[in-house]
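The structure appears right after this line, and notes come after that.
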There are 2 protein chains.
Amino acid sequence: MSSNSAPRTGDDVDLAGLRSTRQRRAVLRAVARIDVFASSQTIHESLRRSGDHAGLSTVYRALQELSERGLIDTIRSPDGETLYRRCVDSRHHHLVCRRCGQVVELPSGQVDLWIEQWRQATGYADIQPVVELFGTCPACQPTEGA
Amino acid sequence: MSSNSAPRTGDDVDLAGLRSTRQRRAVLRAVARIDVFASSQTIHESLRRSGDHAGLSTVYRALQELSERGLIDTIRSPDGETLYRRCVDSRHHHLVCRRCGQVVELPSGQVDLWIEQWRQATGYADIQPVVELFGTCPACQPTEGA
DNA sequence: GTAAGTGCAAACGGTTTGCAGCCTC
DNA sequence: GAGGCTGCAAACCGTTTGCACTTAC
């Protein structure tokens, strides 16, 4: 990893065991370009617009594989869609604007600490940090006057 | 407890404007009976088993309406299903066993405090507490020896 | 050369909806 | 009696899968 890994611009990334195909590279590039959380379909569409067409199922598969390998981030929107975004930092949580998808990263230390407390208090194992907050970012808020 | 409201055993509850139909009463009763988070389909099945049959879409509609009115609680499971449970206390969060659905209520004060901090720090409005933790409860954990 | 990856189309599973008949208020 | 409510079946929508073909290694 420390030898030939270029920065993650989306093209010459180490795919963690996956074959480097045109489609996967394109997906990674698209995700790198969009910097809000986007659905598989949105990403698929973005690919088509940039001329890098890939089949919808391929996009679904690629996004899943890439997120499994930690190359991209995943969350679930309140209405059940899976959203993806370029991975900024491994373990962290998000505050996502429900309208534009804009993201604020929450300091992970605090969340983890907090989950750890509950793990100890309750005996629950393998607690998944489903701590994703959806709100309306300042830019998307209706003006007070209206 | 105050005037004429009986305990929420599921039968003579004020439906907050909704007509009191056999089906809605049955749904409420089922939810009162099950005390873990259950899916609409599970609740529909539970109704059938108790002899209170109601159409699946009616159950979906009833659960939605009841949760909108705050009579029952809702969360989303990690795989996108909507889960319902009798409402214990208005604003609170949960730690749910991914296997048996068993729930630990998280002290809401702490979560709210925490969300409030982020609201102030980020300017995001209307932050929804999607703080639902899914883990494996002690009873469902594989024994260490195995 | 061969196993992994792709793309289409069809299946899937949870949920929603249109509509004719029913029942609560 | 009128409008809300119900139930069926069909539509929906995001996602997954089977399978023949292609491609990276």
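Proteins get letters first, then strands, A, B, ... in listed order; numbering begins at 1 in each.
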Have a look at A/Ser46 and tell me which of A/Ile34, A/Val31, A/Asp52, A/Val27 forms a side chain to side chain contact (heavy atoms under 4.5 Å, CB included) with it.
-> A/Ile34

With a 4.5 Å limit on heavy-atom distance, are the side chains of B/Leu83 and B/Thr42 in contact?
->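 A side-chain contact under 4.5 Å is absent here.
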
Does the side chain of B/Leu28 reach to within under 4.5 Å of the side chain of B/Ile72, using non-hydrogen atoms?
-> yes

When you match B/Ala54 and A/Ser40 each to their closest nucleotide on DNA chain D, which lands nearer the 5' end?
-> B/Ala54

Can you tell me if the side-chain N/O atoms of [X] get under 4.0 Å from OP1 or OP2 in [N]?
| X | N | answer |
| --- | --- | --- |
| B/Gln41 | C/dG13 | no |
| B/Gln23 | C/dC23 | no |
| A/Tyr60 | D/dT16 | no |
| B/Ser57 | C/dT16 | no |
| A/Arg24 | C/dT6 | yes |
| B/Arg22 | D/dG7 | yes |

How close or far is atom [atom2] of [N] from atom [atom1] of [X], stated in whole angstroms?
| X | N | atom1 | atom2 | value |
| --- | --- | --- | --- | --- |
| A/Gln64 | D/dT15 | CD | P | 9 Å |
| B/Arg19 | D/dC5 | CZ | P | 6 Å |
| A/Glu81 | C/dG13 | CD | P | 20 Å |
| B/Leu18 | C/dC25 | CG | C1' | 13 Å |
| B/Asp52 | D/dG7 | CG | C1' | 16 Å |
| B/Arg25 | D/dT6 | CZ | P | 10 Å |
| A/Glu65 | D/dT15 | CD | C1' | 15 Å |
| A/Leu63 | D/dG14 | CG | P | 15 Å |

Counting heavy atoms from C-beta on, name the nucleotide in D/dG7, D/dG3, C/dT15 closest to the side chain of B/Thr58.
->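 Closest nucleotide to the B/Thr58 side chain: D/dG7.
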
Among D/dT15, D/dA24, C/dG14, the nucleotide that comes nearest once only the side chain of A/Thr21 is considered | D/dA24

Could you tell me whether B/Arg61 contacts a base, only the sugar-phosphate backbone, or nothing, with contacts defined as non-hydrogen atoms closer than 4.0 Å?
-> base

Would you indicate what A/Ser39 reaches in the nucleic acid, counting non-hydrogen atoms under 4.0 angstrom: base, sugar-phosphate, or nothing?
-> nothing

Would you indicate whether A/Arg22, at its atom CZ, is surrounded by more than 12 heavy atoms from other residues, nucleotides or ligands within a distance under 6.0 Å?
-> yes

When you match B/Leu83 and A/Leu56 each to their closest nucleotide on DNA chain C, which lands nearer the 5' end?
->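 First, find each residue's nearest nucleotide; the 5'-ward one identifies A/Leu56.
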
With a 4.0 Å cut-off, would you call A/Glu45 and A/Arg49 a salt bridge?
->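 So A/Glu45 pairs with A/Arg49 through a salt bridge.
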
